[in-house]
Amino acid sequence: MVAKFITDKDHAKLFIISDTHLIANQLHDNGSAFQRMRDTSAGKDLDYQEIALTAFTRKIIEDKSTALIITGDLTFNGELASAKKLRSIFSPLKAAGVHLFVVPGNHDIYDGWARKFENEKELYAQQISPFDWKAIFPDGYKNTDSAELFYSVNLNSQYHLIFLDSNIYSHQGLTPITNGRISSKQLQWLENDLEKAKKNNQRSLIFMHHNLYDHNQVIHGGYTLDNTSELQKLCTKYKVNVIKLRH
């Protein structure tokens, strides 16, 4: 079977970002409850998100990019409305022939903290399910199993892009889980996928949300994969030199 490529260009241009943490403007009235949350949101900019992302969309199109890749935490805390708003902001990319490839972060699916804000009140907002995720961001998920959120695409004859789901999901998001792990099923799929890319003489690039190594000696719990050694072995075996994370 002849591999299907995203582009026939040898020098494709990719934009890669992470942790947009968008909260749709429709989910708050800028009242006291929202301001209280904003003031304690670990430095996240919640005031100009939609404006900044809209300008960024224009930049991507002007640069004639091949794809935009987002490595997780697209939404503030897994609000369905925020995911739909993000897709709307980036919708001009499709008309311009730019692909949008995403992987979920620990704040995106069944997060448990999805909220909307009205005056003094903090209210529950509808969460994102795996089904919602794939429906909102279909590019890349077209040929995957309906229950899985990992996939791969052939960028061109030289590069194979692999998108892993490193999240651990609680039951319907009753409590958020920050730790990451690559499941045994996904590891087996990954090895098969890496083998196919090797036979096609392609270099594989991996994208995921959690870290493969500790980037900080003090803060790494919940950031680095719980089973990082298993993925490291596969990357060594297949000479994967580039893994793009959230940091």
Would you name the heavy atoms of [X] and [Y] that are closest together and state the gap between them?
X	Y	answer
Asn167	Asn106	OD1-N, 2.9 Å
Ile70	Ser18	CG2-CA, 4.3 Å
Asn154	His160	OD1-ND1, 2.8 Å
His210	Met208	O-CE, 3.3 Å
Val102	Tyr151	O-OH, 2.8 Å
Ile69	Leu161	CD1-CD1, 4.4 Å

Between [X] and [Y] (side chain of the first, backbone of the second, donor and acceptor by atom type, cut-off under 3.5 Å), is there such a pair?
X	Y	answer
Asp193	Leu190	no
Tyr141	Leu149	yes
Gln188	Ser184	no
Thr224	Asn211	no
Ser65	Ile60	yes
Gln202	Asn156	yes
Ser88	Lys84	no
Asp139	Phe101	no
Glu122	Arg115	no
Thr20	Leu74	yes

For a side chain to side chain contact (heavy atoms under 4.5 Å, CB included) check, start with the C-alpha distance between Ile136 and Leu80, then their side-chain angles and the critical distance, and finish with the verdict. CA-CA 9 Å; Ile136 296 169; Leu80 181 62; 3.7 Å; yes
Run Glu195 and Tyr238 through side chain to side chain contact (heavy atoms under 4.5 Å, CB included) and show every step you take. CA-CA 8 Å; Glu195 184 65 33; Tyr238 288 95; 2.8 Å; yes
Do Glu120 and Arg36 meet the salt-bridge criterion of a basic N to acidic O distance under 4.0 Å?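 Salt bridge present between Arg36 and Glu120.
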Below 4.0 angstrom, N of the basic side chain to O of the carboxylate: do Lys85 and Glu79 qualify?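 No.
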Could I get the full list of side chain to side chain donor-acceptor pair (under 3.5 Å) partners for Thr75, not counting sequence neighbours?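 Side chain to side chain donor-acceptor pair (under 3.5 Å) check on Thr75 returns Asp108.
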Residues in side chain to side chain donor-acceptor pair (under 3.5 Å) with Arg38, at least two apart?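 Testing Arg38 for side chain to side chain donor-acceptor pair (under 3.5 Å), a comparison that skips the adjacent residues, returns Asn30, Asp47.
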Does a side chain donor of either His209 or Asp73 reach within less than 3.5 Å of an acceptor in the other side chain?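 Yes, a side-chain donor-acceptor pair sits under 3.5 Å.
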Can a donor-acceptor pair be found between the side chains of Thr144 and Lys134 at a distance below 3.5 Å?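 There is such a pair between these side chains.
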Is there a side-chain contact between [X] and [Y] (heavy atoms, below 4.5 Å)?
X	Y	result
Leu100	Phe137	yes
Glu148	Asp165	no
Phe76	Ser41	yes
Leu164	Val103	no

Which is it for Val98 and Phe15 under the side chain to side chain contact (heavy atoms under 4.5 Å, CB included) test, yes or no, and what are the steps along the way? CA-CA 10 Å; Val98 181; Phe15 272 86; over 6 Å; no
Going from [atom1] on [X] to [atom2] on [Y], what distance comes out if it is rounded to the nearest 0.5 angstrom?
X	Y	atom1	atom2	value
Asp10	Gln158	CG	CD	5.0 Å
Leu27	Leu123	CG	CG	10.5 Å
Leu68	Ile17	CG	CD1	5.0 Å
Leu22	Glu50	CG	CD	6.0 Å
Tyr213	Leu231	OH	CG	8.5 Å
Lys239	Leu234	NZ	CG	15.0 Å

Below 30° counts as parallel, above 60° as perpendicular, anything between as tilted: where do the rings of Phe56 and Phe90 land?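 If you compare the ring of Phe56 with that of Phe90, the planes turn out perpendicular.
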Please work out whether the ring planes of His21 and His107 are parallel, tilted or perpendicular, with thresholds of 30° and 60°.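 Because their plane-to-plane angle is over 60°, the rings of His21 and His107 count as perpendicular.
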Among the clusters formed by ILVMFWY side chains lying less than 4.5 Å apart, do [X] and [Y] turn up in the same one?
X	Y	result
Leu212	Ile168	no
Val240	Trp189	yes
Val242	Tyr159	yes
Trp113	Phe117	no

If we check side-chain contact (heavy atoms from CB on, under 4.5 Å) with Phe207, which of these qualifies: Ile162, Ile16, Ile243?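 The single option meeting the side-chain contact (heavy atoms from CB on, under 4.5 Å) with Phe207 is Ile16.
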Applying the side-chain contact (heavy atoms from CB on, under 4.5 Å) criterion to Glu230, which one of Leu225, Ile182, Leu187 satisfies it?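 Result for side-chain contact (heavy atoms from CB on, under 4.5 Å) with Glu230: Leu187.
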One pair to check against side chain to side chain contact (heavy atoms under 4.5 Å, CB included): Tyr110 and Ser129. What are the steps and the verdict? CA-CA 6 Å; Tyr110 291 152; Ser129 71; 3.4 Å; yes
Lys44, NZ atom: more than 12 neighbouring heavy atoms under 6.0 Å: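 Counting neighbours around NZ of Lys44, more than 12 heavy atoms of other residues, nucleotides or ligands fall under 6.0 Å, so yes.
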